[in-house]
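I have placed the structure first, in the form of structure tokens, so that the comments after it can refer back to it.
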Amino acid sequence: MFFNKSEEEIELLRRCNLLVSETLGILARYISPGISTLELDRMAEEYIADNGARPAFKGYNGFPATLCTSVNEAVVHGIPSDVELREGDIVSVDCGVIIDGYYGDSAFTFPVGEISSDVKRLLEYTRRSLEAGVGAALVGNRVGDISYAVQSVAESGGYTVVRELVGHGIGRRLHESPEVPNFGKRGTGPKLKQGMVICIEPMINMGKRQTTLGDDGWTVKTSDGMVSAHFEYAVAIGKESADVLTTFEYIDEVLNKR
Ligand code: MG
Ligand code: MG
């Protein structure tokens, strides 16, 4: 079901997603060779609690951690572990919070130390595909316009789009209607309306698009073992332009200084 959001509710959702943005910005400082994703998880949990919020993923359908940390061929839903990140890895960090019953949910794929130019290009295209999706998140458009925009950019880079997992509405629940696929046709799907808040989250693969579920029952991986990237914004549908409730500016500040 789709729940129309008032302006006050959109401001609450902005607060939630700002906290997620800040959390990811802090993690950006520490993501380097030698740190484990479990250490990142503890930092995130502490920062979220210090800000009077709760992690949204911990306990969600039994998920055991604050963050989803998905390294290299892991697409999404990776469980933080004590395995150290290595130079050249990439790690998608997906973070969710709850404040006063409202949810924040955003993700960024970080380079660990120096990464190859091929992988850098995948990250650039995935982020660009997200921005293209945002460009179509306008009143009067349809979900398929977002899907088409994301898919077009990703495929123009020679990459493939994961189909088993999709973006979603967000509000008083982590996952609401509508589903927001990262592939589709223009002019199809539900109409985008004022008051709609959605998460756009392209999951883009270097190789084939197919995925498999890992032995832990959570981690979604590429079937061919090639790397995958994932970026996620929470976005309020807008008339002239979409209102992006997430910001990557804290992350970019850290990464651009390197
Ligand atoms: Mg997410
Ligand atoms: Mg999401």
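Hydrogens, waters and symmetry mates play no part in the numbers below; they use all other heavy atoms, side chains included. Whatever order the structure lists ligands and atoms in, that order sets their numbers, starting from 1. Since the structure is predicted, the reported quantities are computational estimates derived from the model, not experimental observations.
Screening Val197, Ile200, Asn17 for a side-chain contact (heavy atoms from CB on, under 4.5 Å) with Val235, the sole residue that qualifies is Ile200.
Centroid-to-centroid, the aromatic rings of His168 and Tyr103 stay 6.0 Å apart or farther.
Looking at Asp105 and the Mg ion (ligand 2) together, the shortest N, O or S contact belongs to OD2. Nearest to the Mg ion (ligand 2), among the N, O or S atoms that Glu201 has, is OE2.
Salt bridge annotation for Arg14-Glu11: present, with a cationic side-chain nitrogen under 4.0 angstrom from a carboxylate oxygen.
With Tyr102 as the aromatic partner, Arg172 meets the cation-pi criteria of under 6.0 angstrom to the ring centre and within 45 degrees of the ring axis.
Here Glu232 meets the criterion, with an N, O or S atom under 2.8 Å of the Mg ion (ligand 2). The Mg ion (ligand 2) has an N, O or S atom of His168 under 2.8 Å away, backbone or side chain.
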